[in-house]
Undergrad: 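Okay, here's the structure, questions in a sec.
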Amino acid sequence: MTLTEKLRERISRAFYKHGLLCASYPIPIILFTGLCILACCYPLLKLPLPGTGPVEFSTPVKDYFPPSPDVVSQQGDLSERPDWYVGAPVAYIQQIFVKATVSPWQKNFLAVDVFRSPLSRVFQLVEEIRNHALRDSSGVKSLEEVCLQVTDLLPGLKKLRNLLPEHGCLLLSPGNFWQNDRERFNADPDIIKTIHQHEPKTLQTSATLKDLLFGLPGKYSGVNLYNRKRVVSYTVTLGLQRYDSRFLSSLRSRLKLLHPSPNCTLREESIVHVHFKEEIGIAELIPLVTTYIILFAYIYFSTRKIDMVKSKWGLALAAVVTVLSSLLMSVGLCTLFGLTPTLNGGEIFPYLVVVIGLENVLVLTKSVVSTPVDLEVKLRIAQGLSNESWSIMKNMATELGIILIGYFTLVPAIQEFCLFAVVGLVSDFFLQMLFFTTVLSIDIRRMELADLNRRLPAEACLPPAKPTSRSQRSERQPALRPATPHTITLQPSSFRNLRLPKRLRAGTVIWIGILVYTDPAGLRTYLTSQVTEQSPLGEAGLPPMPVPGGVLPAGDPKIDLSVFPSDPMQLSENQTQQREQQSLSRLEANQHSWAQGPEGRGNGQTEPGTEAEVTWGAEDEEIWRKLSFRHWPSLFSYYNITLAKRYISILPAIPVTLYLNPQEALELRHPQEANRYQPFLSSGSGKLNAEAQPDQASSRLQGHRDVTLYKVAALGLASGILLVLLLFCLYRLLCPKNYGQNGLSHSRRRRGDLPCDDYGYSPPETEIVPLVLRGHLMDIECLANDGMLLVSCCLVGQIRVWDAQTGDCLTVIPKPRLRRDSSGIFDYQESWDHSPDGKNGLDDSFENGHQLKRMLSPPQPPLFCDQPDLTSLIDTNFSEQVKVAEPETRLRAVGGRQKEAGYDFSSLVGKVYQEHSTSNCMNLSGLPAPHGQAGFCVGAAGARSLGCGAEEGGCGGRRRSLGDDSLFDKSSPLPSWGGDLESSVWSLDLQGNLIVAGRSNGRLEVWDAIEGTLRSSNDESQSGITALVFLNNRIVAARLNGSLDFFSLETHTSLNHLQFRGAPSRSSIPSSPVFSSSDVIVCQLTHTVSCAHQKPITALKAAAGRLVTGSQDHTLRVFRLEDSCCLFTLQGHSGAITAVYMDQTMVLASGGQDGAICLWDVLTGSKVSHMYAHRGDVTSLTCTTSCVISSGLDDVISIWDRSSGIKLYSIQQGCVSFWDIGYGDLLQTVYLGKSNESQPARQILVLENAAIVCNFGSELSLVYVPSVLEKLD
Amino acid sequence: MAENDAKPALPKKCGPYISSVTSRGMNLVIRGVVLFFIGVFLALVLNLLQIQRNVTLFPPDVITSIFSSAWWVPPCCGTASAVIGLLYPCMDRHLGEPHKFKREWSSVMRCVAVFVGINHASAVSYVPLKLAKVDFANNIQLSLTLAALSIGLWWTFDRSRSGFGLGVGIAFLATLVSQLLVYNGVYQYTSPDFLYVRSWLPCIFFAGGITMGNIGRQLAMYECKVIAEKSHED
């Protein structure tokens, strides 16, 4: 047991390290793996390509003896002879090549006379051959003894039964058409019809019966009505079982003696052995195709499961490549070690794939994908690997075991399969670990980067639909693609340029190439057959032919060239010419005037007949090469003899020349023919008449050989175009449009991995510059916003209202004049009350009445760090206060400024620039629909309150109530002037143009935000208001003594809801009601829940008609807003509640001092989940549709999956940084102050118009997130 | 030689249609038909595979030879596979232990491929046997191998005791029936050596039973889903 566990742990650790390695060096590892694959596949080059045509091997006739069946005994020239040249051939083929012509040709002969009488001689010839016997000392040897005895034809060939020999010698001749019966031939009225009756109507690739019986391609036979050469060729094909040289030579000499061919120069010295590869029939393909269909279905169903990755198909391809190349590697390795594959690769391939399987790959992907997303990619890969290491190893061991069992079957085929499978499994494991893991790491990294641009954190504002019903995966899956096409991009192009996965796409091409190479479906065979069908068999094998000049009698070469330049059957020039002259007089007229000149005309028109002479050219040598390469296999297949993987030997042909005299031809003529056929002259001329140009006729004759040339040229052209297209596609795939920015994306990514303080940050162009709002003297205690306005209150109780877009200070609501007039600070403040808010760096005076105009004109908020110098200058101008009088809280800031005194002088110069940039900033932020930014803002160290992250302008369904100051009384330093306690503002809320402030003395005040006038107040209780909620016209105040007061605001001239304030473009936002200044607003206490909690209420939130209170007594309570009825008391925390969040979906999140976050269902009051979030207090909480974001005293911001309570990311706080909410990736860090300043931002709010407010000591920073329109690609 | 098997493309296409049919009886009929055709198809294909190993090249008229031999064999296989494919999920339901192991189409495809592979292997190993003129030890070895492969198939894709039991029963019954048929001269093995065929026939039947059961269960999952959804709605 312990051993297993130890092993398990060790394996897991090894996998972890391996994963780290793979993810750290992806490119070198992929290169290395590719090299490995190539090296292993190298031996495959030696394997013959499957499905190529027949192979030839020649041996000299002299001293020929059949090769012995034993390979070992042939010690001699083993190197030359192919390994198939073993044992006796299936048959020896002896062809007797007959050329016959009627000579001299009579003028009145019919077209059929050209071939009828020559064909009639075949019967005689066949008889001669059949009866030939070798008589020597050993006795009489007849043909029957040496010839190949054939048996029945296949049952399917009944119609050929009379035409092909059965039960006897395989002897084929044109006479077979007439059952070797001369009488039948003579009685046949239509020879051509008889010959062609078995020709297939359609295009057929295999040999036809005519080819078989004539033994040479039909077009060379000359048996047609338009044979102007009047030479008929055919062969008598003889299949021999044994090679008997003496018998054959006697046959040869006898035939030569009987029918001498005087000018024959055929070479007769070599026997050609033709080896045939295995043929794949349709029937054989059916199971194969079935297995492939199953295979593809398997791959399809498997890869469908790959999920949550950047490019699903890329990974699927990588998986397939992994399996395929592991198979290739296994075959290559086996070949390397001397094991030649005998199995049909295409057949066993699907099984191998299935055995090796894609399971491991899928399991790996799933495991890696389900690791926490906040981790670094490296760690995720490593973790995912190590999680699955044990099962992977176990599976592999099992599979190896099963295959080993198969190996012991001793059935050779299965053994071989198992051997391949074992090697394949091992190499597959190797590839999975190196290749696929690396690809996966690249993919995940790419996803994290590239999806930054795509994904909108729309969850933040969309009313969350039903978070619990969704599965955890889809919840976390960032594929909740918001419909809005706008996102914030900081470096829009830099993220998209990772090039490597595109290479994967190019892999498709390679894959197809591999498929073609391995030739699963006999595609190549088909192609080859098509090609070789076109071109004569073994054309390349023919030696370059010297023109047999001696054969051609000296004649008129011009005619030869012009009329029959390349005709295979070359006739003697003279004869030809004379015949032409005689019979084709009309043609001659044209032709000769064109080619020969006038002298040809007078050359012999008067001659009664022409002597024909049969010539033997080099073309006639090995005439069988012109046959289809399926000729012999199909011939033998008729007798159920296969030539697959066997060979036949073709002996040199015996030439026979026959001359027939005209009498013979006339005698043989069938009576019907005379009627049916015109004399040859008229038929020939008629045909030629039809052809408009005689030179066309000549070119047609020329065409035979050229057609193949054209075809080859066309094929070459087509393949060239294809190649160019392919290269172009490859180029497009491989090369991104911009090389240059590649490095940038890398560097950015690397930066993102570091904590934000550590790297030297070179600001990109779109650097976000915070807008600093200055004006408060003391630390800001509470902040509230409603999108348009921003209200802040400092420790001294001064409330300032800012325009959230421009950063203008609109109103200063003074603390009621109190004591300590002598104090410098209050003098200062007082002067402030009167002076227009100079601190803000705005020169123009502030007037309440003209605020609209003010909002329109572009103001110049302080933008840069040197701005304080300017403001201080202005400050002195206006208030004539010496800075010494400032409270000590400002001293720090002053100190900071003094460091930058050098900038003082340049500030004027920089002003123009500032204005420019400011207006830019304004334009951006003022865009109608602030394009939802992908970032959310996260507070700096010690953030007190966290506004909701990631919001967008488009949806304002949920009013984000401001980070309430619920905690402030607990953790904020107590005001240094204790006497102020009764009047300092402890809580604020803002709605419309009304500010509700809760003071420490229990007084509730309602201020007009714009005019700065007190509209109403209520001081019925003395207990300080710790938290406030202002919703519609209802105010709920939580007091220090644990009671809740419900107020309602009433205007006597009824609430004026007609006026709506808010950006007109954002119509979807339920605009806040504006209370017109003329109304009298009365704040009435409606209910009081006297003892809502035993201890002070620290958190208060209202939404969806519910009010939630969180208290220091560890409980939460849910009240109905209308009647303040307590619905639930939620218990579950073991510490004081510090943060509460609730939205319209009635999901409540609460965080306590115990560091736990609880999610509750407000409808039922049940606890949905409970997670231990932080090591200290939870200081702030907010939710989006899918996430819960919390920050704690441990300086960590965590993001949780809402439905499952799984931590997605945790972010160490530093500066204010923009993080991608989907992936936890650092987008940009904005420095609010000087980076070495220790003052942390304490409160962060997010406004609805793409701005972020940071509470930063006594200053506020407005950070606008520039919205960049991103095209959806 | 009766084989009952599965073909991939069919069930996958039928999946959505089945799920849309809510009537239970209709569902059953559709499943039966699908299984029947799968069985017929695979019987044809595997028969062809066997034929091919005996006739080497250029089988004259393959299609006719398929149908001429015994036309009733493929329908029988189809019927048998339909019965088996329906029996497996039915048995699961009655035993009350729904089959959870590897319930996905890719696994089913893998199972089918392995089954065809077993058939192929038996066909491939026929050739050397024919040349070696029936070696008895070799024969035993072959059937042992095939048995091991079949059990491996069951272990990889099924792993339920009920499936194993049913598979063994089917193999026994089918072998018995085919033997009876042969003895009565109704049907003949194409291969002359009888011993050889008998050695692998039970294994093939067993593997076929497992495979068809796998497919049947996968098809039944759609029905289960539909029923579950319906009950949800109610």
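Note that these values count all heavy atoms, side chains included, but never hydrogens, waters or copies made by symmetry.
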Undergrad: Applying side chain to side chain contact (heavy atoms under 4.5 Å, CB included), run through B:Val116 and A:Thr290 and close with a yes or a no.
TA: CA-CA 9 Å; B:Val116 177; A:Thr290 313; 5.7 Å; no

Undergrad: Going from OG1 on B:Thr156 to CG on A:Asn395, what distance comes out if it is rounded to the nearest 0.5 angstrom?
TA: 10.0 Å

Undergrad: When rounded to the nearest 0.5 angstrom, what is the spacing between CG in A:Leu295 and CZ in B:Arg110?
TA: 11.5 Å

Undergrad: Could you note down all residue pairs passing salt bridge (Lys or Arg N to Asp or Glu O under 4.0 Å) where residues 141-153 of chain B supplies at least one of them, sequence neighbours left out?
TA: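 Every pair satisfying salt bridge (Lys or Arg N to Asp or Glu O under 4.0 Å) with a residue in residues 141-153 of chain B: there are none.
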
Undergrad: Given the options B:Gly117, B:Ser107, B:Gly152, which has more heavy-atom pairs under 4.5 Å with chain A than any of the others?
TA: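 Highest number of heavy-atom pairs under 4.5 Å: B:Gly117.
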
Undergrad: How many angstroms lie between OG in B:Ser106 and CD1 in A:Ile299, if you round to the nearest 0.5 Å?
TA: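 Separation between the atoms: 11.5 Å.
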
Undergrad: A:Val422: what forms a side-chain contact (heavy atoms from CB on, under 4.5 Å) with it, not counting sequence neighbours?
TA: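 Listed in chain order: A:Leu400, A:Ile403.
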
Undergrad: Tell me, for B:Ala148 versus chain A, whether the close heavy atoms (under 4.5 Å) come from the side chain, the backbone, both or neither.
TA: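 For B:Ala148, the side chain is the part near chain A, not the backbone.
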
Undergrad: For the atom pair CD (B:Gln218) and CZ (A:Phe301), what is the distance rounded to the nearest 0.5 Å?
TA: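 The CZ atom of A:Phe301 is 8.5 Å from CD of B:Gln218, to the nearest 0.5 Å.
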
